[in-house]
Asks: 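This is the structure I have questions about; it appears just below.
Labels below follow one simple rule: chain letters A, B, ... track the order of the sequence lines, proteins then strands, and each chain is numbered from 1. Because the structure is predicted, anything quoted here is derived from the model rather than measured. Keep in mind that the numbers below use all heavy atoms, side chains included, and drop hydrogens, waters and symmetry copies.
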Amino acid sequence: MLHIYCPHCCEYREEEEFHVKGQAHLARPLDPEACSDKEWGEYLYFRKNPRGLHHELWVHAAGCRKFFNVTRDTVSYEIKEVYLIGEKPSVVAASVSAK
Amino acid sequence: MQHYSGFGLIKHSLSHHENWQRAWRNPTPKKKYDVIVIGGGGHGLATAYYLAKEFGVTNVAVIEKGYLGGGNTARNTTIVRSNYLWDEAAHLYEHAMKLWEGLSQDLNYNVMFSQRGVLNLGHTLQDMRDIQRRVNANRLNGIDGEVLDAKQVQELVPHMDCSANTRYPVLGASWQPRAGVARHDAVAWGYARGADAHGVDLIQQTAVTDLIIEDGACVGVKTDRYGEIRADRVGSVVAGNSSVIAAMGGFELPLESHPLQALVSEPIKPILDTVVMSNHVHGYVSQSDKGDLVIGAGIDGYNGYGQRGSFPTIEHTLQAIVELFPIFSRVRMNRQWGGVVDTCPDACPILSETPVKNLFFNCGWGTGGFKATPGSGHVFAASLAKGEMHPLAKPFSMFRFHNGALVDEHGAAGVAH
């Protein structure tokens, strides 16, 4: 059971109140019509899926229903940092690849 | 290879079973192979076996980080079925089903394949419409299937609560009689023994640390124990860790790795002689020959490589099982575990060429890879032998996520996700 700090409610709540919504910081292409099939497909479907530090988007679904970002280790499941949408993570993996 | 038979069992009993040959060798790898298969799970070993036996490529190494069949092959709930909705998926899983039906004889290894049938329950009118559509599609593809009403389901599974008094009453089910379960470890061991007998080197306790890429083509792997091992073609069959190998090749896959949990109860007397799956209340259960109830359900929502998940997920699973089988409410659970499943956005696998030449991927089987083990191995072996994807594998290219030709099995195939 993960205990997650909601930066909007400013408290720790149990995992069941939250939903994970996948990789954080995915920027929708500004002009989708100008994208090639490859660019659009990669935006829609291709993900980093790292073994180690991962930045992901969560929503406090059964709480304030607001979104925020979490940096979490995908092996130990330890939450390293919680930060607001629009902010940059301060904890980042040494390598950007999925190693 | 020592042939296994009833007579052999009697013969070896005279020497207290102390003189059985080892099932496979533990060789030191050569410097160069025709094909390297990364990952010694069920799919990887099946790939190696069919490469050597059917396609005449015997200079093959399987490189496994841990021990053979120690990942998802050891962690699944052993259900085998082929009742998929779309033609592409149905053909692939039915190809596997046909191989399952002769597998114990083919391997001379009892994989305990038991065609006890699988029920996919429907609890809503829409469930029943989807079931009818899927069963019709299955029959058009030559796959057995029947639509049952609640009364027929009750006759098949007398201990299940099919009354109208439950929160989500059972309205009916799809029934695939040829489906069933198999002994998961035996599948890995049988393929390992068969592959070894045909000359395949099974290299255990050796992790691939990098791919050797020259001029945009993969020419081998780097390992932690034996340094560089070269090969003409490399096939990655590493399930949950596929994105990690892909990153070594410098590309991403449309995969996310999730924990998938399962659990078994204490052994009880025979009570359930088929497999019951429900998408709607979300759980599935069968009973092993040993007597334990084998129970599973959906993935944990977050990405995870930890081979464990959160407690609420198995709590929901057991709520669903007790809803269906109130009689199980006081059965104690014995063991619980998790595997790392690589899920694809369209819930179909990836059998594919990649942006790197001579590097092939077999992954993305998500929560339902075990049933496909023989078929997956067979078509992937054919693809590795030729350097070109087998016709059954072609629709499952990773590039379908670029051109949009997805095979959208999500939910539609009675897939418990």
Asks: Under 4.5 Å from any heavy atom of chain A, what part of B:Asp346 do you find: side chain, backbone, both or neither?
Replies: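 It is neither, since no heavy atom gets under 4.5 Å.
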
Asks: Which region of B:Leu253, side chain (C-beta onward) or backbone (N, CA, C, O), has a non-hydrogen atom less than 4.5 Å from a non-hydrogen atom of chain A, or is it both or neither?
Replies: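 Just the backbone, heavy atoms under 4.5 Å.
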
Asks: Parallel, tilted or perpendicular: which fits the ring planes of B:Tyr168 and B:His280, with parallel below 30° and perpendicular above 60°?
Replies: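 B:Tyr168 vs B:His280 ring planes: perpendicular.
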
Asks: Taking the inter-plane angle between the rings of A:His55 and A:His25 on a 0 to 90° scale, is it parallel (under 30°), tilted (30 to 60°) or perpendicular (over 60°)?
Replies: perpendicular

Asks: Less than 4.0 angstrom from a charged side-chain N to a carboxylate O is my criterion; do A:Glu56 and A:Arg72 meet it?
Replies: yes

Asks: For chain B, which of A:Phe46, A:Trp58, A:Trp40 has the most heavy-atom pairs under 4.5 Å?
Replies: A:Phe46

Asks: Should the pair B:Glu214-B:Arg230 be classified as a salt bridge under the 4.0 Å nitrogen-to-oxygen rule?
Replies: yes

Asks: Specify which of B:Pro312, B:Gly250, B:Gly240 makes the most heavy-atom pairs with chain A at under 4.5 Å.
Replies: B:Pro312

Asks: Does any backbone or side-chain atom of B:His316 lie under 4.5 Å from a heavy atom of chain A? Answer side chain, backbone, both or neither.
Replies: side chain

Asks: With a 4.5 Å heavy-atom cut-off, do B:Ile350 and B:Cys344 have their side chains touching?
Replies: yes

Asks: If I measure from the heavy atoms of chain A, does B:Arg308 come under 4.5 Å with its side chain, its backbone, both, or neither?
Replies: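 For B:Arg308, heavy atoms of backbone and side chain both lie under 4.5 Å from chain A.
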
